[in-house]
Amino acid sequence: MKYCFPEDFQWGVATAAYQIEGAWNADGKGESIWDRFSHIPGNIRGEGDGDDACEFYERYEEDIRLAKELGIPLFRLSINWPRIFPEGTGTVNRAGIEYYRKVLECLKKNGIKASVTLYHWDLPQKLQYQGGWMNRQSADWFEAFARTCFEAFGDLVDQWITLNEPQSTAMGGHASGGHAPGIRDYSSALQVVHNLLRAHGKAVKAYREMGLTAEIGIVLDMHMFYPVEEGNPADIRMARLFQQQTNQLYADPIFKKVYPQELFEYLSGRRVVLPEIQEGDMELIGQPIDFLGLNTYWSDYVRYDEERWPLQGKMVQQDGFVTDCGWEVVPEGMYDLLKWVHAEYHPKQIFITENGCACNDWIGADGKVEDPNRINYLKQYIGAAYRAMEEGVPLKGYYIWTFTDNFEWAWGKTCRFGLVFVDYKTQKRIPKSSAYWFSEVIKNNGFEV
Ligand code: IFM
């Protein structure tokens with residue numbers, strides 16, 4: 001059997017500025033919250049930081065050439081906000097604009113389309129001093145940044161993404177504190193959700209006003225939550241609340257202009273302070289978008305647990321396979337998620353903007369990097385996505401996370417997701433067997449199973 005994708009199906013790779021660029025203080029760039037966070041000992045596994053990452057800032061031509069050789073048609077990258085506005089707002093750093101123009105021109109010259117994310121987590125530290133995303137004004141700061149990018153790069157961008165995974169910024173950065181800026185306050189995290197979504201709405205509105213024509217959307221990280229015991233009402237209710245907290249908290253306002261009421265009522269009962277919503281906010285958040293991007297990697301199984309806060313549930317690992325970063329491999333979850341999103345929200349188009357697998361890769365004695373586990377993972381997930389598409393889900397593209405191994409946030413350089421191996425001592429790039437496999441998938445617009 002062969003998975004034959006439609007002719008206009010878009011295949012790509014996804015990356016993010018802080019994870020690849022390095023050059024953390026070059027050419028007038030300001031400090032970001034991730035520079036600050038990763039410089040604090042203990043925050044990053046392996047004591048690494050993103051100061052150099054994989055030196056994409058200097059090596060972008062080499063990497064883009066490699067992407068071309070592998071036949072990759074679409075490259076997703078993000079703009080590091082303090083490279084453009086070192087202070088967060090105010091004076092533009094021309095060197096930052098020139099740098100991204102050079103990268104985008106290089107992609108164009110190589111016949112590769114550019115998908116650009118405005119915010120992939122590197123808030124200027126100067127704005128964090130003013131409360132960062134907890135400050136209602138953050139939506140205005142973001143709009144100003146977005147307008148500058150639309151104007152500076154609009155002629156070179158094929159797809160715009162406002163935010164990457166607001167859930168990770170809100171919950172990872174402000175509830176669990178495992179991500180920058182490292183705050184642990186669930187109520188503040190909810191205010192951050194609201195401000196991020198307002199920022200998204202303002203950017204989309206500004207984009208339409210400016211009359212640009214490429215498509216614009218947002219990327220949400222979503223996954224399915226299943227009850228550990230299918231017939232257990234407490235597990236079922238908790239799985240539903242986790243689904244609301246992770247998925248609906250973002251998608252409901254965007255597509256339905258409301259927050260999930262069951263979740264908000266539950267959280268109020270757990271002494272959580274709900275976000276301050278002002279008149280016009282929900283209308284702003286619900287601006288029509290051209291596509292929804294989904295980042296999805298795993299599924300979770302929820303067990304009721306009275307002791308947990310604010311949601312009384314915990315994740316219980318099942319007996320199946322897990323990747324090198326401990327994420328459960330559940331291809332069926334990709335299928336269920338796509339079907340659910342389609343039924344619930346009817347986005348015009350869906351892109352899988354990230355999916356991929358962390359493996360413990362190494363260079364073999366023959367100089368090659370073989371990663372059959374990654375290929376196996378990708379086959380299963382792309383197959384599940386294909387099935388959903390065949391059943392009517394408007395899936396238009398699929399990006400692998402990620403092109404080269406990179407700085408994986410709190411995991412530092414201990415976790416490898418790339419199609420291309422990076423030897424961090426020399427910065428040498430070696431395409432893994434998955435890179436050649438993906439190259440064939442693109443060439444054939446599908447694969448045999
Ligand atoms: O590296 C991240 C990316 O920045 C956002 N989505 C998940 C990836 C893998 O952890």
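Ligands are counted one by one from 1 in listed order, and the atoms in each one are counted from 1 as well.
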Legend entry - CZ-OG1 distance between R416 and T402, expressed to the nearest 0.5 angstrom: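 That separation rounds to 12.5 Å.
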Protein N/O near ligand 1 N/O, under 3.5 Å, which pairs?
{"unit_1": "ligand 1", "atom_1": "1 (O)", "unit_2": "Q19", "atom_2": "NE2", "d": "2.9"}
{"unit_1": "ligand 1", "atom_1": "1 (O)", "unit_2": "W401", "atom_2": "NE1", "d": "3.3"}
{"unit_1": "ligand 1", "atom_1": "1 (O)", "unit_2": "E408", "atom_2": "OE1", "d": "2.7"}
{"unit_1": "ligand 1", "atom_1": "1 (O)", "unit_2": "E408", "atom_2": "OE2", "d": "3.0"}
{"unit_1": "ligand 1", "atom_1": "1 (O)", "unit_2": "W409", "atom_2": "NE1", "d": "3.4"}
{"unit_1": "ligand 1", "atom_1": "4 (O)", "unit_2": "Q19", "atom_2": "OE1", "d": "2.7"}
{"unit_1": "ligand 1", "atom_1": "4 (O)", "unit_2": "H120", "atom_2": "NE2", "d": "2.8"}
{"unit_1": "ligand 1", "atom_1": "4 (O)", "unit_2": "W409", "atom_2": "NE1", "d": "2.8"}
{"unit_1": "ligand 1", "atom_1": "6 (N)", "unit_2": "E165", "atom_2": "OE2", "d": "2.6"}
{"unit_1": "ligand 1", "atom_1": "6 (N)", "unit_2": "E354", "atom_2": "OE1", "d": "2.5"}
{"unit_1": "ligand 1", "atom_1": "10 (O)", "unit_2": "E408", "atom_2": "OE1", "d": "3.0"}

Legend entry - Check: W340 ring centroid to Y345 ring centroid under 6.0 Å: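 Yes, ring centres under 6.0 Å apart.
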Inset, instruction - State yes or no: are the ring centers of Y297 and W401 separated by less than 6.0 Å? - result: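 Between W401 and Y297, which both carry aromatic rings, the centre distance is not below 6.0 Å.
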Legend entry - Donor-acceptor contact below 3.5 Å, side chain N135 vs main chain Q137: yes
Legend entry - Donor-acceptor pair, side chain of K257 and main chain of I285, under 3.5 angstrom: no
Legend entry - Pair S78-H120, side-chain hydrogen bond (donor to acceptor under 3.5 Å, both in side chains): steps then yes or no: CA-CA 6 Å; S78 75; H120 201 126; 4.7 Å; no
